S.K.: 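Below you will find the structure I want to go over with you.
All of these numbers come straight from a predicted model, not from anything done at the bench. The basis for the numbers below is simple: all heavy atoms, side chains too, and nothing from hydrogens, waters or symmetry mates.
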Amino acid sequence: MSTRAAERYSRFSEFYPYYLQEHSNPVCRRLHYAGSLLVLAILFYALATQQWLWLLAMPLAGYGFAWVGHFIFEKNRPATFQYPLYSLLGDWVMLKDALTGRIRF
């Protein structure tokens, strides 16, 4: 665990650099992107078909891909366990930053 992991973050802007540090492995990041995009696909499918049970698959898709990335490639503990809301927001900001070219995809 990094020394920064023990810090308590009171603002997302303070947390996000730590979040990116915990996602330095490119395969881990790409698995996060895949999971987030799959979550959006499931959401749109459920809305379009009104098959609401698909919504139950959203956490499995999002967290499943992310946790494989952390445990197998990044070899660290997902920040979700300590910072659930900031980590959820971090997933979407990281995806946005990758799609806009702010960080490497």
S.K.: For the atom pair OG1 (Thr80) and CG (Leu85), what is the distance rounded to the nearest 0.5 Å?
M.R.: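 Those atoms lie 10.0 Å apart.
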S.K.: I need the Asp97 CG to Leu20 CG distance, nearest 0.5 Å.
M.R.: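 Reported to 0.5 Å precision, the distance equals 7.0 Å.
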S.K.: Taking atom OH of Tyr18 and atom OH of Tyr83, what is their separation to the nearest 0.5 Å?
M.R.: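 Between Tyr18 OH and Tyr83 OH, I get 6.0 Å after rounding to 0.5 Å.
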S.K.: Do the rings of Tyr63 and Trp67 sit parallel, tilted or perpendicular, given the 30° and 60° boundaries?
M.R.: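 Correct class here is tilted.
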S.K.: Between Phe73 and Cys28, which heavy-atom pair has the shortest distance, and what is it?
M.R.: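 Here Phe73 and Cys28 meet closest at CB-N, 4.4 Å.
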S.K.: Over 60° means perpendicular and under 30° means parallel, so classify the ring planes of Phe12 and Tyr86, tilted if in between.
M.R.: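 Judged by the thresholds at 30° and 60°, the geometry between Tyr86 and Phe12 is perpendicular.
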S.K.: Looking only at heavy atoms, what is the nearest atom pair of Ala46 and Leu55, with distance?
M.R.: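 Shortest heavy-atom contact: CB-CD2, 3.7 Å.
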S.K.: Under a single-linkage definition using a 4.5 Å side-chain heavy-atom cutoff for Ile, Leu, Val, Met, Phe, Trp and Tyr, are Trp92 and Leu60 assigned to the same hydrophobic cluster?
M.R.: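 The answer is no; the residues belong to distinct hydrophobic clusters.
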S.K.: State yes or no: do Trp52 and Ile42 share one hydrophobic cluster built from I, L, V, M, F, W and Y residues joined by side-chain heavy-atom distances below 4.5 Å, directly or via other members?
M.R.: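 As far as the 4.5 Å side-chain criterion goes, Ile42 and Trp52 are connected within one cluster.
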S.K.: Can you tell me if Gln50 has over 12 outside heavy atoms packed within less than 6.0 Å of its CD?
M.R.: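 Open.
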S.K.: Locate the shortest heavy-atom distance separating Arg77 from Glu22; write the atom from each residue and the value.
M.R.: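 Smallest interatomic distance, heavy atoms only, reads O-OE1, 4.3 Å.
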S.K.: Distance check, rounded to the nearest 0.5 Å: Arg30 atom CZ versus Arg104 atom CZ?
M.R.: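 So the CZ of Arg30 and the CZ of Arg104 are separated by 8.0 Å.
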S.K.: For the atom pair NZ (Lys96) and OH (Tyr33), what is the distance rounded to the nearest 0.5 Å?
M.R.: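 Lys96 NZ to Tyr33 OH: 11.5 Å, rounded to 0.5 Å.
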S.K.: Shortest non-hydrogen contact from Ala79 to Phe15?
M.R.: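 Minimum heavy-atom contact is CB-CZ, 4.2 Å.
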S.K.: If you measure from CG on Leu31 to CG on Asn25, what distance do you get to the nearest 0.5 Å?
M.R.: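 Taking CG in Leu31 and CG in Asn25, the distance rounds to 8.5 Å.
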S.K.: Give a yes or no on whether Ile103 and Val27 share a hydrophobic cluster (residues Ile, Leu, Val, Met, Phe, Trp, Tyr; joining criterion: side-chain heavy atoms under 4.5 Å apart).
M.R.: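 Both belong to a single hydrophobic cluster.
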S.K.: Would you call the rings of Tyr45 and Trp54 parallel, tilted or perpendicular if under 30° counts as parallel and over 60° as perpendicular?
M.R.: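 Answer is perpendicular, since the angle exceeds 60°.
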S.K.: At their closest point, which heavy atom of Phe105 faces which heavy atom of Ala98, and how far apart are they?
M.R.: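 Scanning both residues, the minimum pair turns out to be CD1-CB, 3.4 Å.
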S.K.: Starting from the C-alpha separation in whole Å, work towards a yes-or-no answer on side chain to side chain contact (heavy atoms under 4.5 Å, CB included) for His32 and Leu95.
M.R.: CA-CA 8 Å; His32 273 70; Leu95 177 62; over 6 Å; no
S.K.: How far apart are the C-alpha atoms of Arg102 and Met94, what are their side-chain angles, what is the distance that settles it, and do they pass the side chain to side chain contact (heavy atoms under 4.5 Å, CB included) test?
M.R.: CA-CA 9 Å; Arg102 187 165 181 241; Met94 186 172 70; over 6 Å; no
S.K.: For a quick test of reading the model, state the closest non-hydrogen atom pair linking Tyr16 to Gly90 and the distance between them.
M.R.: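 What the structure gives for the nearest pair is CE1-O, 4.0 Å.
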